[in-house]
Amino acid sequence: MSTPTTPSRFRHDVRRTATLAAPLAAGHLASGLVSLVDAVVAGHHGTTTLAAVSVGAALFWLPMLAPMGTLMALPPAVSQLDGAGRRSEIGPLFRQALWLALALGALLFGLVSAMPLLLAPMGIAPDIVPGVTAFLHTLRWGVPAFTLYLCMRYLSDGLHWSLPTMLLGFGGLCVLAPLAYVLTNGLLGFPELGVAGIGIATSVMFWAQALAFALYLAISKRFADLQLFTHWHWPDGPRLRALIRTGLPIGVTVTMEGGLFAVTALLIGRLGEVPAAAHQVALNVATLCFMLPFGIAEATTVRVGHALGRGDAAGVRRAAFAGLTLAMCTQVLSASTMLLGHHAIASLYSADPAVIALGGSLLLYAALFQLPDGVQVVSAGALRGLKDTRVPMWLAVLAYWGIGMPVGAWLGLGLNGGPRGMWLGLTAGLLVAAILMARRFLRSSQPQRLANTFSHRSMTDGA
């Protein structure tokens, strides 16, 4: 067992978490900048284009959240095997995860293809339906590449090597930004494709990232002993079921939170193009800010899993509290930026005064939930490191759909509060989630409960 925690030991844990989290957060920031690039290119092409991207992105990312969460079973499984000195088992696990990623990619391709059929029943404003359809029909071709990329990224992250996530994230932006601008506006001899050009550029970026990551894993000496691509394994039912058993509740949890934001976007889309565009502005900024604590949460998952793998009960809590400390710092910075620069930030996205005014006001609401958002995401990440995923799934359902969505719908639609009322609902859901997730981690990480885990639970569970 580990020695008692001291201030110097805790500072060391904070530094280790920060070292791992910095590239992860930067990589997630790059992913968030994808939406920024899409929104800025769309906004300067026209308000209708921006509104179409807002609704289309919500419909695209809502089904994407489930596979993203399901594949998040890989980092804690890999980190526990690494911490237990069982690296030889990582390669076979990774190959099974690739099969899972392929299956999820094929399923999601079909779902995204069918999404435009839901636009009219949802009551989406008719003037943005054609743009949403074009966006989804071009973006769907990048879905299989995206799920494969996630699988490779989570393997690398689980082995405490997050630099590729950052480099490939920003490398993807170098592909996306110029290509989206050219195709959307019809430059260099290309036809003006509008919102379809943004979807095509994003798909090309997904494939470039996936192929680059596969090449890196194949030639890197860091991964040579794992023999990731030197063997062929057909799908293994027990291993796949173990991954799904751990990952599916994570997928549901992530979907519950992301779905709250996505459905909010769809409900606001019923109000017209200006509210939809303004919501996209505020949501994009809030998403960019969320990438920082999300990266910290993933680092916390890996460090908690590694401590669990080596049987260090005190290390489990130190890793979680180190992550929470870092997240509070990033969230204070994000909230301050939104409070002080809301109008200037909104003006970067659109030249429409109505969009700027409403989008800037929504950023003030986003500032309210920065601290609870940091607490809930790091607490959930620490619970994933413990492979405690089923109860947090139900806590997420309660917080986001038992509290957040009803409150938002009541304030925004029932009381005619519009987008501002809907954003108060988001705040309520995140606050409840923060309280419930933090309480669950404190209970799950009690020394006596971890001692029972060390004694009775095999480290191959979920591997």
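These numbers come from a predicted model, not from an experiment.
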Holding to side-chain hydrogen bond (donor to acceptor under 3.5 Å, both in side chains), I want the full list of residues that pass it with [X], two or more places apart in sequence or in another chain.
| X | value |
| --- | --- |
| Ser156 | none |
| Trp161 | Tyr216 |
| Thr17 | Arg303 |

Which pair of non-hydrogen atoms, one from [X] and one from [Y], has the smallest distance, and what is that distance?
| X | Y | value |
| --- | --- | --- |
| Thr253 | Met393 | OG1-CA, 3.1 Å |
| Thr246 | Thr389 | O-OG1, 3.4 Å |
| Val53 | Ala42 | CG2-CB, 3.6 Å |

In this structure, are over 12 heavy atoms from other groups packed under 6.0 Å from Phe229 atom CZ?
->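 Buried by this count: over 12 neighbours within 6.0 Å.
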May I ask you to check whether over 12 heavy atoms, not counting those of Trp401, lie within 6.0 Å of atom CH2?
->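 Yes - once you tally the heavy atoms of other residues, nucleotides and ligands closer than 6.0 Å, there are more than 12.
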With sequence neighbours excluded, give me every salt bridge (charged side-chain N to carboxylate O under 4.0 Å, His left out) pair touching residues 56-67.
-> none
Qualifying salt bridge (charged side-chain N to carboxylate O under 4.0 Å, His left out) pairs with a residue from residues 149-161, counting only residues at least two apart or across chains |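 Passing the test, one end in residues 149-161: Arg153-Asp157, Arg153-Glu298.
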For Pro67, the option from Val254, Thr255, Leu108 that meets side-chain contact (heavy atoms from CB on, under 4.5 Å) = Leu108
Which of Leu148, Leu168, Leu167 passes side-chain contact (heavy atoms from CB on, under 4.5 Å) with Phe213? Answer is Leu168
Residue list, side-chain contact (heavy atoms from CB on, under 4.5 Å) with Leu248, at least two apart or on another chain =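 By the side-chain contact (heavy atoms from CB on, under 4.5 Å) rule, Leu248 matches Thr70, Ile244.
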Partners meeting side-chain contact (heavy atoms from CB on, under 4.5 Å) with Ala276 (sequence neighbours left out) =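 Ala51.
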Report the C-alpha distance between Gln331 and Ile296 in whole Å, list the side-chain angles of each, state the deciding distance to 0.1 Å, and finish with yes or no for side chain to side chain contact (heavy atoms under 4.5 Å, CB included).
-> CA-CA 11 Å; Gln331 297 309 87; Ile296 294 169; over 6 Å; no
Salt bridge (charged side-chain N to carboxylate O under 4.0 Å, His left out) partners for Asp236, two or more places apart =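 By the salt bridge (charged side-chain N to carboxylate O under 4.0 Å, His left out) rule, Asp236 matches no residue at all.
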Sequence neighbours left out, what passes salt bridge (charged side-chain N to carboxylate O under 4.0 Å, His left out) with Arg440? Give chain and number order.
->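 Checked Arg440 against salt bridge (charged side-chain N to carboxylate O under 4.0 Å, His left out); matches are Asp388.
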So, the side chain of Thr330 versus the backbone of Ala327: is there a donor-acceptor pair under 3.5 Å, distance only?
-> yes
Could you give all pairs that pass the ring pair (Phe, Tyr, Trp, His ring centres under 6.0 Å) test and reach residues 285-307, with sequence neighbours left out?
->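 Found His28-Phe294, His160-His306, Phe290-Phe294.
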Plane angle bin for Phe206 and Phe60 - parallel if under 30°, tilted between 30 and 60°, otherwise perpendicular |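 It falls in the parallel class, under 30°.
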Can you label the angle between the Phe369 ring and the Trp423 ring as parallel, tilted or perpendicular, going by 30° and 60°?
-> parallel
Using distance only, find each side-chain donor-acceptor pair of residues 109-121 under 3.5 Å and give its atom names and separation, not counting sequence neighbours.
residue: Ser113; atom: OG; partner: Phe109; partner atom: O; Å: 2.8
residue: Ser113; atom: OG; partner: Arg140; partner atom: NH1; Å: 3.0

Partner set under ring pair (Phe, Tyr, Trp, His ring centres under 6.0 Å) for Tyr400, not counting sequence neighbours |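 Once residues adjacent in sequence are excluded, Tyr400 has no partner under the ring pair (Phe, Tyr, Trp, His ring centres under 6.0 Å) criterion.
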